[in-house]
Amino acid sequence: MTSSFDLQEELQALQDTGNYTIDHEHDIRSMEPGEMDALLQQAVSAIAESSEAVTSPDTFDILKSFLKCAGAVPGILMSKLLDLIMSGFAAEVDAAAHDIDHEDQQTCAVHKVPIEMYAFLLNWSARAAETVTVPDEDAPIVAPPKPRKGRGGKAAQPRAAAKNKTSEWSWKDHIAAVLTLISKVLKLKTSKIWTVSAERDTFIGCLTAPAYHITENEQYMKSQPIKLGVYKVICLAVKHHGHGPAAQTTIMQSLQYNEHLPEPMAECLNVLLKEFDHAQLGDEILREIAAKSFNAQDTKGPRNFSKFLTQFAEWAPRAVLKQISLLLSHLDSESYPMRMAIVEIIGHLIRELASSEDLTSDAHQTQKQLNGLYDLLIERTLDLSSYVRSKVFNVLSRLCDLPVKFPKQRLAITGVAVTALEDKVAGVRKNAISLIVKLMVTHPYGLMHGGLLGMQEWEERYREVMAELQKTEKALDDTLTGGADTGTTDKGDDEREEASSSARSKKKKKRSRHRSEDAEDAMDVDEEVEDDAEDEVEVADSIIGDDEDEEGGPSSSQKSELGMAALTDEQAALAALESNQLLHLRLRKRYYSEALSFIRQVEEAAKMISELLGSTHKTEVLESMEFFRVAHEYQLDSAKIGIKKMLHLIWSKDNSSMSEDGKELKGVRSRLLECYRSLYFDPLPDMEPKQQVNRIAKNMIELTYDATLAELTSLEEMMRYMMDDDRIHSDVVNMLWQAYSSERPVGKQQRRGAIIIIGMLALARRSVVQDRVDVLLKIGLGPMGKADLILAKYTCVALQRLNGSAKKVKGSLLDKSLRIDMDNPVFRKLQEAIEHPCRSREWFALAEQAINTVYALGDRPELLSNTIIKNLTQRAFRRREKKSSASSAPEDQPSSSLSSAAPQNADAMDEDPPPPSTQALISTMPGSTAVPAKKSDDTGDAFELSQLLFVVGHVAVKHIVYLELVEREWKRQKQEKELADKLARGAGDDAASKDGEELDQVAGNAEDEIGDRIAAVRETELLYGPDSLLALYGPLLIRICGRPDQFKNTTLRAVATLSFSKFLCVSSQFCDANHHLLFRILETSRDANIRSNIAIALGDVAVSFSTIVDENSDELYRGLSDPDLVVKKNTLMVLTHLILNGMIKVKGQLGEMAKCLEDEETRIADLAKLFFTDLSTKDNAIYNNLPDVISHLSVGEHAIDEEGFQRTMRYIFTFIEKEKQAESIVEKLCQRFRLTEDTRQWRDIAFCLSLLLFKSERSVKKLIEGLPFYRDKLHEKVVYARFQEILVKARSNKTANKSDAELNEFENVLEENRKQGEEDQAFEKRVEGKKAAAKKRATRRTARKRQASVDEDEE
């Protein structure tokens, strides 16, 4: 057997285990477990006597028979078999090792065959071990003990059996021991046993094969002992037995096909490099990978190799650095994972070069390498793949943590990050924002001044150092030239200056040569800094040069040797004193210049990032919020704008999601609250509790400064959330009350901010204001409120919170609002606030909120409203004495009147204008009789009349809401009464039940009666009832609004129009009779504010009486073409609301909405896009109106230019997704060709057809069927080009098994008709030319005849 065993042949035969032949094979499959055990025991006994017994044919065949039938061998026997092979192998290896150390070559060769046989058996065992039967199916070798009878006996047997079976066999438990044995074998000096290298390579391959086989199982490689054992086997084989080439081939194959092996293989090579000091295998693998090429379609291979390269570069960057020149070829690879890997490798190399302390390397060469690597990264920010671009910014972010800051590269990185904020991919923008945040956090400009990045502070420092630098340079120049003035002549000065300048020029040339060599190391920011550095060198050279030239330069004959020595000593001393200071100032200037460049770049980025706060991508929004949080901490000037804009994110829906790296992302709203808490509400360390409370309260108040209405609304929602979560301590609330009610002089803004925040907090918790109503009345509605109307307005808002903020549940009659008796002091104070004489425009906002408060809290608000209106009416129309100043004016030209107010400054209401005449108004009041106008009897005031009309209009609207509450209250009372009656009656018989059903029907009728009664009050009594106070003012409003030529006061007209709009919402009768006046004002008014208010008011009127506005919707769309931006925006928003909620029908005017898509103002265009996006969710809304939109924009007075039409249609057609809709549109558009002779319309229709995708054959068929309608239009080049585009789409979307015959035929028909059309056109032109020539000849003949007749007459 010894002479016949050939390891190579046996391994080759083992490839096909089923056909592997054994000379004396035992039929293991037919044996019982006991027989198997007895057979195996024979081999055990033989090998126990001598490990060389394996060479015995009987023993070897027994072992091979078991391995061949491993699937039928019980687990416990397989474990015994493996232990036998391993113990025999170990004994043989020990014997061989002993002989190698003590015997000669011939004695050692005896161990070759036994060792090869054991290696062969171990190799086979590793393959066969995984085919062993599952433990649950193992048959017991020994009969199990008889189960114990009695309680619990049945349950005990399965558990014991299961435990026994699972403990019998597990290949995973033996792997570590097998690998340890292989490592032991590999420590042999194989060259003394195998003298032929081919045989040794075969043996080493046989030993390492189990290790490679184990790596293919991902679960095995997760075990640390197994993984380390595999590494040791491979490393020993490579290091000591020439296994490198075979290992290289195997590792490359593993990387190609196993997704779990890139990291383990990289770790194995790292172990080989670090622990075994063998770098050759790693280098060869890197070279082979560098030589490979990957295409864009290959996904698995590039990903595996990219993971391997990235991991290996992280663990062994120096090894990768040696091969980086070859690996860089993958930057041009078609496969983006490979480009991403190279980007990460560059990052690891930069980190290694920047942080290593290798004294043997050249610093200049290292810096040159770093510059080149950074340039490669910056270049990759323009990669075609967004994944690569994102990876670049990710790598750059990690490099920001390096201890070396690289100022020049940081500025370049900041620049490319700012540019990337405009990238079209959200992931790239997100990583760019993250990089900018990292650059801010790790910026190198905090060594001298603490690290804050306020622009003004840094500019001031820059100016200071510039001034100091100029001063020092001047002093140095004076020092160098001042000493030479004593005892010298002009000639000596000239000579010395010439020598000095020549020396400086020589030094400068020398420096310039040196600088050109070190150009790669330049860290200057801009040209200014470079010039500064050059000047610095020149000044230093001039100092040294002067000293040198003093010795060797020509001296004046008039200068004594003593004077020369004294001058030299003085200049040297002063130069040495000031040179260090000058160099220090130069460096500071450069430091400040770089800091300013960085700050300016970040400020530019902040503008773009503020726009990204409105992004639809959650990760991008979260990163933008983090940017502004960090920017606020570093006190960037633009941080406040972003922090305020972030407020609007409080309305975001808070759905959790996962990021790209698998981490759970916080919701936008949660992150917003967290940011604001960290910035404004979290306590600071080392601060007293009282100071903490003062700081938090101050921060809350400052949030209201210069805030818009939208910002205040969002801030209110945020405060409500924080109050609900108990994030605001009661001490902070008390401090806000102190700021509001302080008797000491407090800034107006601070006191206003305090009550604004208090009102917001009370929205979540009524008790915030419930206990301090007296303070509100004393401060906000007292003398301070009268002096500060804005304070009074927000005090009214806070009082409204007493009513509670519980939202009404739809369909519920429950009302949790609080109502107060009308004799409460609150209402008296509110009445005083409204009636207090005032001429400020802020009064209107105060009056609005005061009336809101009356209707929110009062149980009978109409009583107080009546009193207020009557009092204001008396004040507006009271008889006044004419001022003496007006007596000198001519009687026929009164100084001021409502009908002819001074137009120059009609809006200036802060000062009292001369009292105007009100005779014209009084004569038109309801119930008044016209009396002859007197010249100076009655005078009135336009502002007081404006106040009256404003209150009247707002009371009318609030009373509608109040009537709805009354209706709900009546229904609730009725429901409670019925429920009480039902409970009192109790359960009755069927007859009683039937009566109850009849009573329910009666109750339903009663509810209808309540609704009808309230509707009748609103319709007929409020504006037309004989006892209605509001009815008196309807004609007055109509008169003022209808006579702008007579009532020219701007404020009066604006208020009257607003109140008139509110009256239209009260009664359909009043609206039907007078709505045309509102449309006329919208058309004719020159005041943009009035037009804007009307646009909003028409939306309210449409909600109340949709049919009336729907009949006149053309007038409403007119606001879309208004020159004023606010009017256009309000009209667009109102129409969006009305159309999307189905309050008005969309007719042919949708084209006007489509025009807004091309508006110059981005906000208008964005609102229009949002409208069409929402409209597309309605059933077929865009499809149904598409023909009208095309007609509206293509022909007629509303048509737009052709390019704008194409951009608009390209956007709208993106919403046509259903194929059936596309088929119908094809048919309709084809029919339109026959209805027009305008070439512009031909082009537009053809363009719209080309926008369809033609995914189905039916669409193409419809197009072919419509050929008769457009065949005579194909001679137009643009039309024909559009049909060619359609053919390209149709071919790309057709099914693979469909032939091109039909499309080819259609293309030929199009070409024939195009040629025919061109010929017809040419023929028509020739005919027209001939007609024109004939007409011209006829004209000439007629002229000649006429001339001839004239000549005859003369003769």
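Because only heavy atoms are used, hydrogens play no part in the values below, and waters and symmetry mates are left out as well, while side chains stay in. Note that the coordinates shown come from a computational prediction; the quantities given were computed from them, not determined experimentally. The chain is numbered in sequence order, starting from 1.
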Exercise for the section: Would you check, one step at a time, whether the test side chain to side chain contact (heavy atoms under 4.5 Å, CB included) holds for Lys644 with Asp706? Expected result: CA-CA 10 Å; Lys644 276 197 171 184; Asp706 302 324; 4.1 Å; yes

Exercise for the section: Apply the test side chain to side chain contact (heavy atoms under 4.5 Å, CB included) to residues His648 and Glu711: give CA-CA distance (whole Å), side-chain angles for both, the deciding distance (0.1 Å), then the verdict. Expected result: CA-CA 7 Å; His648 303 310; Glu711 291 168 351; 3.9 Å; yes

Exercise for the section: Please lay out, stage by stage, how Asp941 and Leu945 fare under the test side chain to side chain contact (heavy atoms under 4.5 Å, CB included). Expected result: CA-CA 6 Å; Asp941 190 288; Leu945 182 58; over 6 Å; no

Handout entry: Evaluation steps, salt bridge (charged side-chain N to carboxylate O under 4.0 Å, His left out), between Arg720 and Asp724
Key = CA-CA 6 Å; Arg720 186 178 69 81; Asp724 286 338; 3.5 Å; yes

Exercise for the section: Kindly indicate, with the supporting measurements, whether the criterion salt bridge (charged side-chain N to carboxylate O under 4.0 Å, His left out) is fulfilled by Glu674 and Arg727. Expected result: CA-CA 11 Å; Glu674 184 181 314; Arg727 295 285 183 177; over 6 Å; no

Handout entry: Residue pair Ile758, Leu761: steps toward the side chain to side chain contact (heavy atoms under 4.5 Å, CB included) verdict
Key = CA-CA 5 Å; Ile758 289 171; Leu761 300 179; 5.7 Å; no

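The nearest pair of heavy atoms linking Gly1099 to Val1134 is CA-CG1, 3.5 Å. Closest non-hydrogen pair, Ala845 versus Lys793, comes out as CB-CD, 3.5 Å. In terms of heavy atoms, Ala1097 sits closest to Ser1061 at CB-CB, 3.4 Å. Across all non-hydrogen atoms, the minimal contact from His954 to Lys1062 is ND1-NZ, 3.3 Å.
Not a single donor-acceptor pair under 3.5 Å links the side chain of Ser1092 to the backbone N or O of Val1127. A distance-only check finds a donor-acceptor pair linking the side chain of Asn824 to the backbone of Val826 [under 3.5 Å]. Judged purely by atom type and a 3.5 angstrom limit, Thr867 uses its side chain to pair as donor or acceptor with the backbone of Leu863. In this structure, the side chain of Asn803 engages the main chain of Ala856 through a donor-acceptor pair within 3.5 Å. A donor-acceptor pair under 3.5 Å is absent between the side-chain atoms of Ser1028 and the main chain of Tyr1024, judged by distance alone. Side-chain N or O atoms of Ser742 include none that pairs as donor or acceptor with a backbone N or O of Ala739 at under 3.5 Å. A donor-acceptor contact shorter than 3.5 Å is absent between the side chain of Ser946 and the backbone of Val1055. A distance-only check finds no donor-acceptor pair linking the side chain of Ser767 to the backbone of Gln770 [under 3.5 Å]. Side-chain atoms of Asp821 do not come within 3.5 Å of backbone N or O of Asp823 as any donor-acceptor pair. The backbone N or O of Cys675 sits less than 3.5 Å from a side-chain atom of Ser678, completing a donor-acceptor pair.
Side-chain contact, Gln849 with Gln800: a donor N or O sits under 3.5 Å from an acceptor N or O. Side-chain contact check for Tyr740 and Thr795: at least one donor-acceptor pair (N or O, by modelled atom type) lies under 3.5 Å. Defined by atom type and a distance below 3.5 Å, a donor-acceptor pair is present between the side-chain atoms of Gln947 and Arg875. Glu1019 and Ser1068 form a side-chain donor-acceptor contact under 3.5 Å, judged by distance and modelled atom types alone.
Under a cut-off of 6.0 angstrom, the local environment of NZ in Lys645 is crowded, with over 12 non-hydrogen atoms contributed by other residues, nucleotides or ligands. Residue-environment remark: CE (Met1133) stays at or below the threshold of 12 foreign heavy atoms within 6.0 Å.
Taking the side chain as every heavy atom from C-beta outward, Asn871 and Gln831 approach each other to under 4.5 Å. The shortest side-chain heavy-atom distance between Trp737 and Val769 falls under the 4.5 Å cut-off. Residues Leu781 and Lys786 form no side-chain contact, since every pair of their non-hydrogen atoms from C-beta on lies 4.5 Å or further apart. In this structure the side chain of Val1101 never reaches within 4.5 angstrom of the side chain of His1075, judged on heavy atoms. Side-chain contact between Ile779 and Ile755: absent, with no pair of heavy atoms (C-beta onward) separated by less than 4.5 Å. In this structure, Leu857 and Arg819 have side chains that are not in contact, with every pair of non-hydrogen atoms separated by 4.5 Å or more. Side-chain atoms of Asn1074 and Phe1063, non-hydrogen and from C-beta on, never get closer than 4.5 Å to each other. A heavy-atom distance below 4.5 Å is found between the side chains of Ile820 and Phe827.
Between Arg972 and Glu969, at least one side-chain N (NZ, or NE/NH1/NH2) sits under 4.0 Å from a carboxylate O, which counts as a salt bridge. Here Glu835 does not pair with Lys829 in a salt bridge; the nearest charged N to carboxylate O distance is not below 4.0 Å. A salt bridge does not link Lys974 with Glu976: none of the charged nitrogens is closer than 4.0 Å to a carboxylate oxygen. Ion pair Arg765/Asp726 flagged as a salt bridge, since at least one NZ, NE, NH1 or NH2 atom sits closer than 4.0 Å to an Asp/Glu carboxylate oxygen. In summary, Glu967 and Lys971 engage in a salt bridge, as defined by a charged side-chain N under 4.0 Å from a carboxylate O.
The line from CD of Glu862 to CG of Leu1022 is 10.5 Å long, rounded to the nearest 0.5 Å. Taken to the nearest 0.5 Å, the CG atom of Asn1089 stands 11.0 Å off from the CZ atom of Arg1053. Here the CG atom belonging to Asn694 is positioned 11.5 Å from the CD atom belonging to Glu688, to the nearest 0.5 angstrom. Here the straight-line distance linking atom CG of Leu647 with atom CD of Glu717 works out to 11.0 Å at 0.5 Å rounding. Atom OG1 of Thr1131 sits about 9.5 Å away from atom CZ of Arg1091, to the nearest 0.5 Å. Rounding to the nearest 0.5 Å places CZ of Phe1060 at 12.0 Å from CG of Leu1036.
A cation-pi arrangement is absent between Lys698 and Tyr680, since the terminal nitrogen or guanidinium carbon is not both under 6.0 Å from the aromatic centre and inside a 45° cone about the axis.
Aromatic ring centres of Phe943 and Phe844 lie closer together than 6.0 Å.
Between Ser865 and the choices Val955, Val952, Leu1030, Val951, the side-chain contact (heavy atoms from CB on, under 4.5 Å) rule is met once, by Val955.
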